[in-house]
Amino acid sequence: MLKLFNTLSRSKEEFIPVSPGKAGMYSCGPTVYNYQHIGNFRTFFFEDILLRVLRYNGIEVKYVMNITDVGHLVSDQDEGEDKMEKSAKQLGKSVFELSEFYTGFFFRDRDLLNIIPPDIYTKATDYIKEQIDMVKCLEEKGFTYKTSDGIYFDTSLLKDYGKLAKLDIEGLKEGARIEFSTEKKNITDFALWKLSPENEKRQMEWESPWGIGFPGWHIECSAMSKAILGNHFDIHCGGVDHIPIHHTNEIAQSEACNGEKFVNYWLHGEFLDMGNEKMSKSTGRFITLQTLIDKGYSPLDYRFFLLTAHYRRKQKFTFEALDAAKNGYNNLKSRVLNMKSSDEKSRDASAQIISDYKISFTEKINDDLNMPEAMAVLWEAVKDNSLNDGEKLDIIYNFDKVFGLGLESLNSDDEKSEIPDEIKKLAENRTEAKSQKDFKKADEIRELVKQKGYDISDSKEGFTIRKI
RNA sequence: GGUGUGGUACCCAAGUGGCUUAAGGGGAAAGUCUGCAAAACUUUUAUUCGACAGUUCGAAUCUGUCCCACACCUCCA
């Protein structure tokens, strides 16, 4: 039984899809006005794990992710500049070039992290008509009003507005730290359609029944999920920051227009805790996957790191912790490589043990995606002396469908081919010194090679060289 | 000011009333092996879960008080 923590009920619930054996899943993707940082990727990774666990359970998932390329304003109070337009202006590019550039980078990092692409990407600018239709739908049902700068949703008309975030509207008013547009009827009202400023020509703007303008940020997800997955579907996910505003407003729009329940299960991934070095795309201070690569980490080191914490808990990011993950992952890889080169084959005698491991693993991942516990099961199997190498690989490959650490495709040749001839020559010299019992010289050579970044170790067959 | 979350070994991090006198990874230490190392293998590394009370046959897990961090109500995945 698969259990998932539903933000709506704040509790773990058994996952029961609308259509048996199938699931519709939508996740809020990137706003492509800048690079995605490693915090963003923690969320995309969580969604990847969710997708993999659903599929591991034999559920046929239709997975949609949006790309926000318009309408996301600098302030969620529907004020300030459009993030895309602002960034384009700064870089002297068109918004379309900008979108293409950062989307491409996002795809690259996604692939490097072994994150499975969705079945469909929906780009906000490709669904302008659907968004306008939805605003019209809300207008016809009387949920909207007009201000000098756009069409707004009147949240006071919904009895259960804010149910996802358990918003305390009165408390919000008292605690408001900023002033909000005086034209808004309620503090929680939000823009559905923004009119282009009269004195400014936007790069992205469209005709609409209300005048030339662009869609509000929230409407895209309501319109696009409706277009692909229908009025009522199974899972919607994103980062925790989306609970109080973005997802709250999506629910309001969708349920007001469609007149039925929008999404059954809302799942949210917690933030990566950067300690004092808080990452914020708006300040331009953040760590990207490329930063990690430049520092000598592999993208999958980061994936391994993410697997060590539960998605609903903040995870502390430090380079010390990343080093630990890198070491752990290297150990795992070297064990797997050793198993692959072994000729022990599966025996039927241990079928029961293998099955027990898989059952245990399934219990962990189905308990609200408990990856740390699932990883513990993996290590237990890896170190289990009652299993031979063939049996262990059987288990490891099976688990890696969820972990996504690329263990099945690991190839020892990859590492060997990187060794320069100079280093190989030195290693051969050392073997010669050893054969003459000149251990002093042998140790000197090993030290020299170590300084050059390689490690020589002896084995029965001779020596092996490893990049440090 | 309001709201919420969390404090588990040297680090990361599970566990949320008895299966646990607390998983797993990293790190560290010892042994086997080795010319010496490395790897591998074996073993060790929290009688204790922020502090103090309380509930209970029984608590890291529930309650209360206090201390400390962080997050959100500005932008954020």
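Proteins get letters first, then strands, A, B, ... in listed order; numbering begins at 1 in each.
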Query raised in the report: Are Lys62(A) and Asp234(A) close enough for a salt bridge, meaning some N to O gap below 4.0 Å?
Result: no

Query raised in the report: Nearest of A71(B), C36(B), G15(B) to any side-chain atom of Lys314(A)?
Result: A71(B)

Requested in this report: Look at the side chain of Lys392(A) and the backbone N and O of Val382(A), then say whether any donor-acceptor pair between them is shorter than 3.5 Å.
Outcome: yes

Query raised in the report: Phe41(A) vs Phe44(A) aromatic rings, parallel, tilted or perpendicular, using cut-offs 30° and 60°?
Result: perpendicular

Query raised in the report: Quick one: which of A77(B), G26(B), A14(B) gets closest to the side chain of His310(A)?
Result: A14(B)

Requested in this report: Measure up the Phe107(A) and Tyr121(A) rings against each other and bin them: parallel (under 30°), tilted (30 to 60°), perpendicular (over 60°).
Outcome: tilted

Query raised in the report: Does the side-chain ring of Phe271(A) lie flat on the base of A77(B), meaning centres under 5.5 Å and planes less than 30 degrees apart?
Result: yes

Query - Spacing of the P atoms in G26(B) and A40(B) (rounded, Å) - result: 9 Å

Report task. Could you point out which residue of Phe105(A), Phe106(A), Phe286(A) forms a ring-ring contact (aromatic ring centres under 6.0 Å, His included) with Tyr35(A)? Result -> Phe105(A)

Requested in this report: Indicate, with a heavy-atom threshold strictly under 4.0 Å, whether Asp443(A) touches base, sugar-phosphate, or nothing.
Outcome: base

Report task. Would you say whether Trp379(A) stacks on G24(B)? The test is a distance between ring centres of less than 5.5 Å and an angle between planes of less than 30°. Result -> no

**Report entry** Sub-4.0 Å heavy-atom contacts from residues 98-118 of chain A onto RNA chain B, ordered by number
**Finding:** none

Which pairs would a plain distance check flag for residues 293-300 of chain A, meaning a side-chain donor or acceptor within less than 3.5 Å of a matching protein atom at least two apart in sequence or in another chain?
| residue | atom | partner | partner atom | Å |
| --- | --- | --- | --- | --- |
| Asp294(A) | OD1 | Gln290(A) | NE2 | 2.8 |
| Tyr297(A) | OH | Asp323(A) | OD1 | 2.6 |
| Ser298(A) | OG | Leu300(A) | N | 3.3 |
| Ser298(A) | OG | Asp301(A) | N | 3.2 |
| Ser298(A) | OG | Asp301(A) | OD1 | 3.4 |

Requested in this report: In sequence, state the C-alpha distance, the side-chain angles, and the governing distance for Phe361(A) and Tyr56(A), and then conclude on ring pair (Phe, Tyr, Trp, His ring centres under 6.0 Å).
Outcome: CA-CA 11 Å; Phe361(A) 175 77; Tyr56(A) 189 87; 5.6 Å; yes

Query raised in the report: Mind checking the C1' distance from A28(B) to C10(B)? Whole angstroms is fine.
Result: 8 Å

Report task. May I ask you to say what Lys437(A) touches in the nucleic acid, namely base, sugar-phosphate or nothing, with a heavy-atom cut-off under 4.0 Å? Result -> nothing

Requested in this report: Verify the distance criterion only: is there a donor paired with an acceptor across the side chains of Tyr161(A) and Asn249(A) at less than 3.5 Å?
Outcome: yes

Requested in this report: Look at Asp438(A) together with Lys441(A) and state whether they make a salt bridge at an N to O cut-off of under 4.0 Å.
Outcome: no

Requested in this report: Using a heavy-atom cut-off of under 4.0 Å over every strand shown, decide if Leu332(A) touches base, sugar-phosphate, or nothing.
Outcome: nothing

Distances under 3.5 Å only, N/O to N/O: pair up the protein atoms with those of nucleotides 41-45 of chain B.
| residue | atom | partner | partner atom | Å |
| --- | --- | --- | --- | --- |
| C41(B) | OP1 | Arg335(A) | NH1 | 2.9 |
| C41(B) | OP2 | Arg335(A) | NH2 | 3.3 |
| U42(B) | OP1 | Asn385(A) | ND2 | 3.1 |

Query raised in the report: Is the distance from OP1 or OP2 of A77(B) to the nearest side-chain N or O of Asn40(A) less than 4.0 Å?
Result: yes

Requested in this report: Using only heavy-atom distances, determine whether the side chains of Asp273(A) and Gln315(A) contain a donor-acceptor pair under 3.5 Å.
Outcome: no

List, with names and distances, any nitrogen or oxygen atoms from the protein found under 3.5 Å away from nitrogen or oxygen atoms belonging to nucleotides 8-12 of chain B.
| residue | atom | partner | partner atom | Å |
| --- | --- | --- | --- | --- |
| C12(B) | OP1 | Lys316(A) | NZ | 3.3 |

Query - Inter-nucleotide C1' distance (C19(B), G58(B)), Å rounded - result: 14 Å

**Report entry** Aromatic ring proximity Phe305(A)/Phe317(A), centre distance under 6.0 Å
**Finding:** yes

Query raised in the report: Salt bridge between Arg446(A) and Asp443(A), side-chain N to carboxylate O under 4.0 Å?
Result: yes

Requested in this report: For A14(B) versus G25(B), give the span between their C1' atoms, rounded off to a whole number of Å.
Outcome: 11 Å

Requested in this report: Look at all strands and tell whether Arg430(A) reaches a base, only sugar-phosphate, or nothing, counting heavy atoms closer than 4.0 Å.
Outcome: base

Query raised in the report: Are Lys93(A) and Phe101(A) in a cation-pi setup, meaning NZ or CZ lies under 6.0 angstrom from the ring centre and within 45 degrees of the ring axis?
Result: yes

**Report entry** Span that lies between the P atom of U74(B) and that of A69(B), in whole angstrom
**Finding:** 24 Å

Query raised in the report: Quick one: do Lys440(A) and Glu444(A) make a salt bridge, cutoff under 4.0 Å?
Result: yes

Query raised in the report: What interatomic distance, in whole Å, is found between P of U3(B) and the corresponding atom of U61(B)?
Result: 25 Å

Query raised in the report: Quick one: is G26(B) close enough that its OP1 or OP2 comes under 4.0 Å of any side-chain N or O from Asn331(A)?
Result: yes

Requested in this report: Just compare G26(B), A14(B), A77(B) and give me whichever is closest to any side-chain atom of Ala309(A).
Outcome: A14(B)

Report task. Kindly state which residues belonging to residues 363-372 of chain A come within less than 4.0 angstrom of RNA chain B, counting heavy atoms of the residue only, listed by number. Result -> Asn370(A), Pro372(A)

Report task. Runs of at least three consecutive Watson-Crick or G-U pairs, both distances under 3.5 Å, are what I'm after; which ones involve RNA chain B? Result -> B:1-7 with B:67-73, B:10-12 with B:24-26, B:27-32 with B:40-45, B:50-54 with B:62-66

Requested in this report: Sticking with atom P, work out how far C62(B) lies from U5(B), rounded to a whole angstrom.
Outcome: 12 Å

